[in-house]
Every structure is written in structure tokens, then in C-alpha cells.
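A quick write-up on the structure given underneath.
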Amino acid sequence: MTDLWGLDDAALVPTPLGRDGANEPGVDDALLDGLNPPQREAVLHRGPALLIVAGAGSGKTRVLTHRIAGLLSTREAWPSQILAITFTNKAAGEMRERVSALIGDEARGMWISTFHSACVRILRREAEQFGFKQSFTIYDSGDTRALVKRLIKDSGSDTLGLTPGGTASKISKAKNDLHDVDSYRETANLSDPREQAFVEIWRRYDHELRRANAFDFDDLIGQVVYLFRAFPVVAALYRKRFRHILVDEYQDTNRAQYALIRELTQGVPAHTLPDQRGEIPGASLTVVGDSDQSIYAFRGADIRNIVEFERDFSDAKVVLLEQNYRSTQHILSAANAVIKHNFDRRDKNLFTTEGDGDMIVGYTGYSGHDEAQFVADEIVSLQTTGMPWSQIAVFYRTNAQTRALEEILIRSAIPYKVIGGTKFYERAEIKDAMAYLVAVANPDDAMSLRRILNVPKRGIGPATEAALQSFADEHDITLRDAMRRVDELGFGPKVTGAIRTLATLLDAHSQAENPDPGSVLADLMGRTGYLDQLRASPDAQDAARAENVEELIAVTREFRKANPNGSLIDFLTEVALVAAADELDDSEGQVSLMTLHTAKGLEFDAVFITGVEEDLLPHRISANEPGGPAEERRLFYVGVTRARKRLYLSLAMTRAQFGEVTVAMPSRFLQEIPAELIDWRQSPGFVNGRGGSQSRALNARQGGARQGALGTGAAPRSMGRYPSLPEGEKKAFPNTIAEVRDNSGLELVPGDRIRHKDFGEGRVSAVTGVGAKRVAEVQFDAVGKKRLLIKIAPIEKL
DNA sequence: ACGTCAAACTTTTTT
DNA sequence: AGTTTGACGT
């Protein structure tokens with residue numbers, strides 16, 4: 001097995017070329033500059049299949065871009081013959097840029113995209129081949145859930161205990177395993193009434209999707225595989241075209257994606273070619289991955305895809321990249337130590353030549369808020385030493401953990417952005433507006449139509465909606481057609497008029513020739529009175545909703561600016577396929593907050609992993625899933641290896657969940673890290689002991705500058721409760737501060753004494769910023785220095 | 001048809 | 001704790 005590591009000299013000799021028989025591709029030396037031996041080998045190898053086992057931070061993106069650049073610069077491949085699959089759209093954009101930077105404009109014409117984007121592209125081209133229209137739209141998980149929910153209710157299956165979420169994810173799982181209803185049915189236990197109901201729901205779900213001219217996420221992959229298998233001529237088209245296929249994050253591919261790769265890399269037999277001659281060999285496949293970073297088993301990722309690569313693809317070459325160029329040795333040692341506890345893996349040791357670096361910092365808070373305060377204090381002190389906000393990230397296992405973090409970050413005047421999570425596009429008003437756009441772009445989609453039928457209020461209630469739907473079903477027409485024929489339904493004049501007005505408005509936009517999405521949306525939101533209604537509402541939240549809709553209009557305008565010919569369909573597709581990590585904008589000076597899953601593939605100078613507790617990381621639910629705990633460990637490993645220079649691990653003794661406070665234990669992963677690597681600012685040790693040591697731990701508090709014993713009476717008080725923000729403030733758009741507690745009139749100058757609700761008394765040492773963003777730096781008597789956003793801080797001048 | 005109030009559920013991770 | 005669903009009254 002040692003030869004697989006590619007570290008001995010023999011491995012440096014390039015393998016003979018499969019393509020034109022030359023011994024070594026004439027890759028320019030400049031493209032190999034600064035690459036270590038295995039990296040070079042990964043760039044230079046030519047053959048049918050190459051697996052690059054790339055440990056975290058080992059420069060795999062560099063290898064991939066240089067490999068592509070090499071293929072292009074030697075004219076071994078035209079740009080159009082290259083298909084590179086990345087995990088996010090952002091990664092795709094970066095890869096394209098880096099290839100361009102290496103070899104210039106030639107990079108245009110390559111397909112570099114995510115699995116889903118590539119499949120949409122293929123499906124749009126070929127939709128008419130198998131009964132879809134080119135204008136199909138994409139159902140996101142929320143849409144899927146809503147549809148499934150309706151089907152369950154209509155069929156009365158809810159009495160059998162079928163839940164929308166469970167059923168939707170079961171369908172998704174089956175589709176990721178490349179099943180369709182019929183193939184699933186054959187393996188299902190149909191004597192179980194629940195299973196029978198499930199199959200029936202699934203069948204109707206697929207039927208509804210097709211009627212709506214829509215695909216769900218999983219269909220995007222699965223239907224392309226189906227398309228290739230059912231139409232060999234179509235498959236031949238793409239097999240001929242893509243000669244070099246490169247797949248990043250291969251350890252997270254699922255069965256459907258694997259099947260897609262297999263389909264694309266097959267050779268083309270002569271008889272399917274136009275002239276019936278000249279068989280075409282299969283494309284060359286390069287995959288990059290690290291089984292230690294496989295964290296998506298829950299959505300069907302199959303680690304066997306990478307483990308058994310050599311068996312699957314004959315003549316496969318394996319190159320191992322082990323040298324890490326990202327993190328300090330202390331961080332790598334911690335990562336190595338933790339991942340070693342997973343058995344059943346090929347042993348691997350990340351190393352660096354860059355030195356030990358700083359110690360890992362540990363902290364145990366009393367509550368989630370206390371932990372968040374530690375994070376905020378450390379972020380401020382990092383920033384004070386010159387680290388930009390954008391180089392700092394806070395990770396967590398569950399999205400629910402953002403709440404406490406956000407509250408404290410806002411108060412500490414730290415600019416931040418939550419990546420992913422409760423997304424902009426999941427807000428009700430945004431979904432409404434998007435439903436209008438879908439209704440215009442894809443008139444067949446009944447679901448978006450149903451959503452907007454009575455939004456804003458038009459007097460069209462459930463009864464009217466049901467009547468429309470049954471009319472549509474009776475005449476075998478779409479819901480939209482039924483609306484056009486509203487006169488035949490015998491509604492009252494008011495309702496009839498409302499429906500006709502809406503149908504006419506939508507039709508006018510549907511028929512326009514490649515309209516500007518921004519103008520369409522602005523017109524719809526204006527003409528329907530949607531915006532006016534929100535603006536006229538006395539509810540302060542509605543004003544914020546109106547602003548969100550205006551924000552969406554701005555987004556559509558931006559889209560048209562970036563894609564001058566971008567259609568409405570293009571816009572909807574782009575929105576449907578954005579990944580959380582695509583929201584990252586490194587030019588902005590903001591701290592990034594995200595889940596550990598979203599963090600995959602990213603890196604930051606300083607990383608905080610929060611909530612390192614049993615039942616949270618590893619998550620409780622994973623304990624009973626096969627391979628669950630091991631996957632949680634990989635997740636932690638992914639988090640640790642994102643850090644370049646500084647790593648912080650924090651936890652809380654108690655955590656609020658479901659409105660109840662639960663006691664938390666330190667995560668097993670903490671014990672797996674050698675103790676000498678962690679500098680505990682406040683150790684979790686006392687959690688086991690209980691009692692006496694607790695006050696010792698309390699006294700050890702106070703972030704960076706340890707100030708020895710505090711008044712034992714004062715300290716516990718200050719850490720316990722953080723009052724929740726006033727109503728309205730929590731609902732505010734992230735990073736905007738609502739007007740509830742308004743201190744903006746409060747004049748502070750250095751030297752003033754103030755009292756803070758939680759921190760006690762202190763003296764203002766500096767005031768910076770203007771207007772709503774004025775920040776006071778305060779030296780508190782008991783808890784040290786803090787930065788406070790004056791406008792909302794619970795403070796008073798003394 | 002629509003608004004108000006109590007009850008129930010939620011939180012594992014995502015393209 | 002916060003959001004969504006159901007029942008009920010107008």
C-alpha cells in the first residue's frame with residue numbers, strides 16, 4: 001500500500017499517456033512551480049481514471065486548477081471538452097477564475113458547475129425529449145414538503161402516521177438511491193398499510209410534479225441518468241463532448257451522482273454515431289476527495305464511492321496529498337488525534353512545515369449566552385490585534401444556536417453575517433413574491449398559483465380555490481386554464497372579477513418576450529397592491545416585509561445587470577440552486593457564522609467551534625444511526641481543519657432548548673485531543689465533580705486578561721441571565737437594529753461612568769462610529785473591557 | 001372569508 | 001422560546 005502514497009521517487013515518473021502515446025504531457029514548467037511531488041504527479045498523470053486523496057488543506061484546488069490548465073495549454077483538450085463538478089457555485093466561479101489566471105481567456109467554454117447546475121443545463125436542453133417543457137421550474141425542499149403535505153391530507157394517510165417531513169425525506173432518499181416508484185414498490189413490504197400509502201403518495205407526488213412541469217432537487221440528477229439510459233443518442237452526445245471529467249468532494253457523492261458519472265464516462269460504441277464508425281473511448285475521470293471529510297451520509301452520500309474507486313474504475317491511479325499548507329501543527333495534531341478514533345479508515349497523518357503556532361483555546365461557559373460572550377470578547381481582541389473581521393468564523397452544529405450568538409454579537413457591535421440558516425428566500429413575503437414570478441414563468445405550476453391566489457387578499461377563500469381545482473380536474477386542464485375560464489364557474493361578480501384580473505395580469509407577463517425579471521416583479525408587486533398593503537399596515541413588521549420585497553426587486557435588477565440576457569427562468573434557477581456557502585462575500589468586513597456542514601471547503605485565520613457538547617456535537621440523534629457517531633466526528637474534524645492560525649473550542653454547561661434549560665456534558669471529542677494542546681481559559685473539568693470546584697471555575701473567568709479572584713458574590717450574577725431582546729428586535733432583518741430600545745440620544749464621552757444591566761458599572765474609554773452605529777468602549781469594574789453598541793445597549797449614564 | 005386565540009410542535013445537518 | 005396550526009366567533 002505504501003506505493004499508493006506517492007512519496008517515493010519512482011512515483012514521480014509520469015505514467016505513459018493513454019491518449020496519444022507520448023510519455024509526458026508537455027506541460028509548461030510554470031504550471032508546476034511550487035508544487036510538491038505528489039501534487040505534480042496529480043497534475044501530470046494521464047490515464048482513464050485518477051483518484052486524488054486530498055487531506056484537508058493539502059492544496060487540492062490548486063492541483064485541480066493546474067491540472068485543467070495543463071490539459072488546455074498543451075491542447076490535449078478544448079475547453080468545451082472539460083466538465084468540472086464542484087460542491088458550490090462559488091467554488092465553481094473561483095475555479096474558473098483561477099484557471100483563467102493561469103492560462104488566460106481560453107478557460108471560457110468549460111463547464112464548471114455543481115452537479116445540480118450541470119444537470120439543469122442538460123435538462124433544459126433536452127426537456128422536450130421526454131415530455132417536459134423547457135420552462136420547467138424547480139421545487140425546493142419547502143415546496144416538496146408542502147405538496148406532500150397536501151397529498152397526505154387529501155388521501156387521509158395522516159391517520160396512518162405519515163408525516164410530511166418524514167415522507168418527503170423518504171422519497172428524497174429513495175430518489176438519491178436511484179429508485180423510482182415502481183422499482184421501489186418491488187422491494188417494498190406492501191402488506192404494511194403505511195408502506196402502501198407511502199408508495200401511493202409518492203406516485204401522486206411525481207404525477208403532480210410532472211403536471212406542474214417541475215422537478216425536485218433529486219430529480220435533477222436522477223432524471224438526467226434516466227434520460228441517458230432511455231435515450232442512448234442523447235447520452236452519446238454528452239459522452240462525446242466531455243473528454244475530461246473532474247469531480248471535487250467525491251466522498252460526498254450519492255448513488256445517483258455516481259451513476260451520472262458512470263454514464264458520462266462510458267465510451268460510445270460505433271453504431272450510435274452518425275456515421276456508424278469510429279468508436280469513442282470513455283472520458284478520463286479525475287476525482288478528488290477525502291473520506292475523513294464525508295459528512296453528507298444523511299442525504300445519501302455513499303463513502304463507498306471513494307473507498308472503492310480503484311475497483312470501480314480499472315487502471316485507476318491513486319495519488320495521496322498529505323502535506324497541509326493551511327494550519328499550524330497544533331491544530332493539525334488535534335485534528336489527527338480526533339479522527340484516529342474512527343476505525344475502518346486508511347490511516348493518514350496531516351503535517352505541516354510551518355511550525356506549532358498558538359495553543360488551541362478552550363472555554364466552558366455557564367450558558368449559551370455566556371459562551372457567546374466569550375466568543376464575542378475573543379473576536380474583538382483578535383480584531384484589535386489586526387485580524388480582519390472577514391477572517392474570523394464561528395461554527396455550530398445546529399442552526400438554532402445562532403440565536404444566542406447573534407444577540408451577543410449585535411450588542412458587542414461586531415459586524416457579522418449568518419451564512420445559510422433561515423434564509424432570505426424562506427421568508428413568507430419573499431416566497432409570495434417568488435411565487436408570482438414562478439406563476440409567470442411556468443403557468444403550469446399549480447402550487448405557486450395556489451399560494452398567490454389570495455395574496456394579497458382578494459376574497460378568494462378555500463371554497464373558491466377548491467371549486468377552481470375541481471373544474472380543472474374535470475376538464476383535464478391546468479389550474480391556470482380554469483382561472484381563464486372563470487366565467488363558466490358561476491362565482492359572484494366580485495370573486496369572478498378578482499380571478500379574471502389576476503389571470504389577465506399573469507398572462508400578460510407570461511406572454512412577454514424575455515422580459516426583465518426586475519420589471520416583472522416590480523409591476524406585479526405594484527399592480528396587485530401587495531406592496532401597498534404591506535406599507536399601509538400598522539404592524540411594524542409589515543414595513544420590514546415591504547423592505548424585504550423591495551430588496552428582492554433589487555436582487556432581480558442586479559441579476560439582469562450581471563446577466564444582460566438572463567431570463568426569468570434563469571433567475572429562478574439560480575435562486576433555487578444557491579448553496580449556503582455561495583452567500584459568502586469575502587470582500588465584506590464581516591464575521592461569518594455558519595453550521596459545520598456549510599463550513600466544508602472553506603478556511604479562516606481564526607475559527608470558533610461552539611457547542612462542543614455531548615448530544616449536540618455529536619448530536620443526540622446520530623447516536624442511534626449506523627455510522628452516526630463516526631460521521632459526527634468527521635464533522636468536528638472538518639471544523640477543526642478549517643482554521644489557519646487560531647482555533648477556539650467552546651461549550652456551555654447549560655443550554656436553553658425548547659424553552660427549557662438542559663444540563664450539558666463536554667463532548668467526547670474534547671477528550672480525544674491531547675490535553676497539552678488546549679489552553680483552557682475555563683475548564684469543563686468541574687462539570688463532572690460538581691460542587692466546590694464550581695466557584696473556582698467561576699473565578700477563572702474573564703477572557704484574555706485573567707484577573708484573579710473576583711468578588712465571589714458578584715461573578716455568578718453577571719453570567720447567568722442575559723435579558724432577551726425586546727419584542728420586534730429579534731424579528732428584525734439580521735444585522736439591522738430595530739428602534740425599540742433607543743439610546744441614540746445618549747451622549748457619551750470618554751471618562752463618563754455608566755451602569756450596564758449585566759456587566760455592572762464601568763468607565764467609558766472611547767467612543768467611535770456615527771449615528772446608529774456608535775460604539776462605546778467601556779472598562780467595566782468587574783468584567784473588563786467591552787465594546788457596546790450604544791443604541792441598543794442596556795446602559796444608563798451615571 | 002377572515003380575524004383572534006389557544007394548542008401543538010419544533011431543532012440535525014442541505015443541494 | 002418561537003412559530004405554525006386548529007377552533008371558534010364575527
Side-chain angles (χ1 to χ4, degrees), chain A residues 85-89 91 113-120 138-142 144 146 149 153 158 163-165 168-169 172-173 175-176 215-222 249 252-254 256-257 294-301 368 395-404 407 419-423 426-428 453-454 456-465 492 494-495 498 573 575-582 594-600 611 615-625 628 631-632 634-636 638-639 655-662 724-725 727 730-731:
Chain A
I85 300 290
T86 58
F87 205 66
T88 64
N89 298 296
S113 71
T114 62
F115 269 111
H116 289 87
S117 299
C119 286
V120 167
I138 300 162
Y139 274 29
D140 66 22
S141 339
T144 293
K149 185 173 179 182
K153 215 169 168 185
D158 41 349
T163 61
S169 78
S172 166
K173 241 185 156 65
K175 284 186 176 180
N176 282 327
F215 293 103
D216 65 22
F217 275 137
D218 308 307
D219 285 341
L220 296 178
I221 316 288
E249 307 285 7
D252 281 323
T253 50
N254 61 37
Q257 291 164 335
S294 164
I295 55 173
Y296 280 107
F298 72 92
R299 70 173 198 214
F395 301 158
Y396 36 81
R397 177 69 234 273
T398 67
N399 284 305
Q401 288 166 254
T402 52
R403 196 158 290 155
E407 277 179 30
I419 311 296
T422 318
K423 281 191 262 168
E426 280 165 22
R427 293 163 175 274
L453 215 46
N454 200 31
K457 300 260 179 294
R458 301 186 171 90
I460 305 172
T464 311
E465 181 193 312
K494 224 179 121 190
V495 172
T573 304
V575 169
L577 297 182
V578 284
D582 295 334
M594 68 190 82
T595 65
L596 285 160
H597 283 89
T598 302
K600 192 176 76 159
D615 290 346
L616 193 56
L617 182 61
H619 197 277
R620 173 194 320 231
I621 293 173
S622 72
N624 297 323
E625 289 167 357
E631 175 146 322
E632 297 287 307
R634 291 194 293 270
L635 193 53
F636 183 68
V638 165
R655 199 167 282 281
Q657 253 180 348
F658 299 99
E660 279 181 11
V661 177
T662 55
S724 46
L725 288 170
E727 194 51 39
K730 297 177 181 175
K731 310 239 163 91

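The shown structure was predicted, so the numbers you read here are calculated from the model rather than taken from an experiment. Each chain gets a letter, A, B and so on, in the order the sequences are listed, and its residues count up from 1.
Only the P atoms considered, B:dT13 is 16 Å distant from C:dT4, to the nearest whole Å.
Atom-to-atom, CG of A:D219 to C1' of B:dT15 comes out at 13 Å; the value is rounded to the nearest Å. Across the protein-nucleic acid pair, A:M594 atom CE and B:dT14 atom P stand 11 Å apart, rounded to whole Å. Spacing between atom CD of A:Q257 and atom C1' of B:dT15 amounts to 8 Å, rounded to whole angstrom units. Distance, A:N399 CG to B:dT14 P: 5 Å, rounded to whole Å. If you take CZ of A:F658 and C1' of C:dT4, they are 15 Å apart, rounded to a whole angstrom. Between the NE2 atom of A:H619 and the C1' atom of B:dT12 there is a distance of 5 Å, rounded to whole Å. Rounded to an integer number of Å, the gap from A:Y396 OH to B:dT14 P is 9 Å. Per the geometry, CG belonging to A:L635 stands 12 Å off C1' belonging to B:dT14, to the nearest Å.
The aromatic rings of A:F298 and A:H597 stand perpendicular to each other, their planes meeting at an angle above 60°, with 30° marking the opposite boundary.
At the heavy-atom level, A:E625 lies under 4.0 Å from base atoms of the strands shown. Among the protein residues, A:F115 comes within range of no part of the nucleic acid, since none of its heavy atoms lies under 4.0 Å from any strand.
At B:dT15, none of the side-chain N or O atoms of A:N254 fall inside 4.0 Å of OP1 or OP2 (strictly under the cut-off). Phosphate contact (OP1/OP2 of B:dT13, side-chain N/O of A:T598, threshold under 4.0 Å): absent. The phosphate of C:dT5 has OP1 or OP2 within less than 4.0 Å of a side-chain N or O from A:K149.
A:R299 contributes no side-chain N or O that forms a donor-acceptor pair with the base of B:dT15 under 3.5 Å.
Looking only at distances, no side-chain donor or acceptor of A:D216 sits under 3.5 Å from a matching main-chain atom of A:D140.
Nearest heavy atom pair, residue A:A118 against residue A:I85, reads CB-CD1, 4.3 Å. Nearest heavy atoms, A:N254 versus A:R299: ND2-O, 3.9 Å.
Counting only heavy atoms from C-beta outward, the side chains of A:R397 and A:L635 approach each other to under 4.5 Å. A 4.5 Å side-chain heavy-atom check between A:D219 and A:Y139 finds every atom pair outside the cut-off. Residues A:R634 and A:S294 are in side-chain contact: their nearest non-hydrogen atoms beyond the backbone lie under 4.5 Å apart.
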Under 4.0 Å protein heavy-atom contacts per nucleotide of nucleotides 1-9 of chain B, with B for base, S for backbone only and - for none: SSS------

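Nearest to the side chain of A:T595, among C:dG2, B:dT14, B:dT15, sits B:dT14. Set against B:dT15, B:dT12, B:dT14, the side chain of A:I621 has B:dT12 as its closest nucleotide.
By the 5.5 angstrom centroid cut-off and the 30-degree plane limit, A:Y296 is classified as not stacked against the base of B:dT14.
Both A:E632 and A:L577 lie close to DNA chain B; mapped to their nearest nucleotides by heavy-atom distance, the more 5′-ward contact belongs to A:E632.
Using modelled atom types, one finds a donor on one side chain and an acceptor on the other under 3.5 Å when comparing A:Q401 with A:T398.
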